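All chains are named by letter (A, B, ...) in the order of the sequence lines, taking the proteins before the strands, and each is independently numbered beginning at 1. The model shown is predicted, which means the values in this text are computed figures rather than measured ones.
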There are 2 protein chains.
Amino acid sequence: MPETTDSHEGEFRIEHPHRELLDQVLDKWSLSVLNELCERPCRFNDLRRAIPEVTQKSLTATLRRLERNGIVERSLLSSRPVAVEYRITPLGKTMRPPVEVLLEWVAAHMPEVERARRAFDDDGDDDGA
Amino acid sequence: MPETTDSHEGEFRIEHPHRELLDQVLDKWSLSVLNELCERPCRFNDLRRAIPEVTQKSLTATLRRLERNGIVERSLLSSRPVAVEYRITPLGKTMRPPVEVLLEWVAAHMPEVERARRAFDDDGDDDGA
DNA sequence: CGGTATCCTATGTGATACTG
DNA sequence: CAGTATCACATAGGATACCG
């Protein structure tokens, strides 16, 4: 074993560039956008309609960020009137399994987390008994 | 076979309470903290030393958030001088597999992402030819 | 030792208006 | 249609100082 000391199983350790990528692909609207794009290519306004809570500005920012990271691809379909289509890339599709695993963890443990939150919040409530 | 090939709807879909939990357990310092705590219980200043980039304030906030979600546990060891110990909970330990899967995805695809970023940034560089 | 309190800035996000 | 520009605001996070 030429590899050193840390043979202990994978950890929670993360370095900065990885952290940054994680923040960009898991940011507030990314998963909702990918959820649409993994079903079909979408026009900009298709996405707005599919995700009504997102503003134009945030949707644009999200798409640019995902495009820059190679997760989605933007194609100009015609120039007059402007028509643009967004598609998930092969790289983007590789995100599905890990994201699903994560989402399954969240769904599975949400009840336990909510119990913990209630316990914590109640303990904090020392309203002068 | 009731399952049509594209009945995989909602793979990236996430609802608000889930989104919020994800934000709290994957925030800037959480993984670094969990990385320490999954190896051993730590005092507050142990964590500061182990993660020198974090400020007191952010570390406190991170620990409180994780504690509230049931991911870490805080115990008062003695009162004078104050001694506190943080430990990962069983619930916290369940985060490891999904987080590892995620981190493996990041590590595996970082080179491709970086290529995409360079391509994107270069395209943006219309330096007026 | 293990925090709080305060101030400050940067960023994310929304609202709204405008444009090619 | 698919954005950009601008203003406004809330929050995250850092810097610093103080406290029991």
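- Nearest heavy atoms, Asn69(A) versus Leu91(A): O-CD2, 3.6 Å.
- Within residues 54-74 of chain A, the residues that have a heavy atom under 4.0 Å from DNA chain C are, in order of number, Thr55(A), Gln56(A), Lys57(A), Ser58(A).
- The backbone N or O of Glu85(B) lies less than 3.5 Å from no partner atom in the side chain of Arg43(B), so there is not a single donor-acceptor pair.
- Across its full length, the helix from dC1(C)-dG20(D) to dG20(C)-dC1(D) shows an angle of 40° between the axes of its 5 terminal pairs at either end, rounded to 10 degrees.
- As rounded to whole Å, 11 Å separates atom P of dG12(C) from atom CD of Glu20(A).
- Taking a 4.0 Å limit (strictly below) on heavy-atom distances, residues 44-52 of chain B reaches DNA chain C at Phe44(B), Asn45(B).
- A donor-acceptor pair is defined here as one N or O able to donate and one able to accept, closer than 3.5 Å; no such pair exists between the side chain of Ser30(B) and the backbone of Leu26(B).
- The existence of a salt bridge linking Glu67(B) and Arg74(B) is excluded, since no basic side-chain nitrogen approaches an acidic carboxylate oxygen closer than 4.0 Å.
- Linking ILVMFWY side-chain heavy atoms closer than 4.5 Å, directly or via other members, places Phe44(A) and Leu77(A) in two distinct hydrophobic clusters.
- Although no hydrogens or angles enter the test, the distance criterion places no donor-acceptor pair under 3.5 Å between the side chain of Ser58(A) and the main chain of Ala61(A).
- Residues Thr94(B) and Trp105(A) have side chains in contact (heavy-atom distance under 4.5 Å, counting atoms from C-beta outward).
- Asp27(B) places no side-chain N or O within 3.5 Å of a backbone atom of Asp23(B) that could act as its donor or acceptor partner.
- Proximity of Tyr86(B) to the phosphate of dC1(C): no side-chain N or O atom is located under 4.0 Å from OP1 or OP2.
- Atom CD of Gln24(A) is separated from atom P of dT13(C) by 12 Å (rounded to the nearest Å).
- Here the P atom of nucleotide dG12(C) and the CG atom of Asp23(B) are 13 Å apart, to the nearest Å.
- Within 4.0 Å (heavy atoms only), Arg43(B) reaches sugar-phosphate atoms of the nucleic acid but no base atom.
- Arg40(B) and Glu36(B) are joined by a salt bridge, as a carboxylate oxygen and a charged side-chain nitrogen come within less than 4.0 angstrom of each other.
- With Glu73(A) as the partner, the salt bridge (charged side-chain N to carboxylate O under 4.0 Å, His left out) test is satisfied by one option alone out of Arg68(A), Arg87(A), Lys93(A): Arg87(A).
- Residue contacts for Val84(B): at a heavy-atom cut-off of 4.0 Å it reaches the sugar-phosphate backbone alone, with no base atom in range.
- Of all the heavy atoms in Glu11(B) and Asn35(A), the pair that sits closest is N-OD1, 3.3 Å.
- Asp27(B) has its CG atom 18 Å from the P atom of dT11(C), to the nearest Å.
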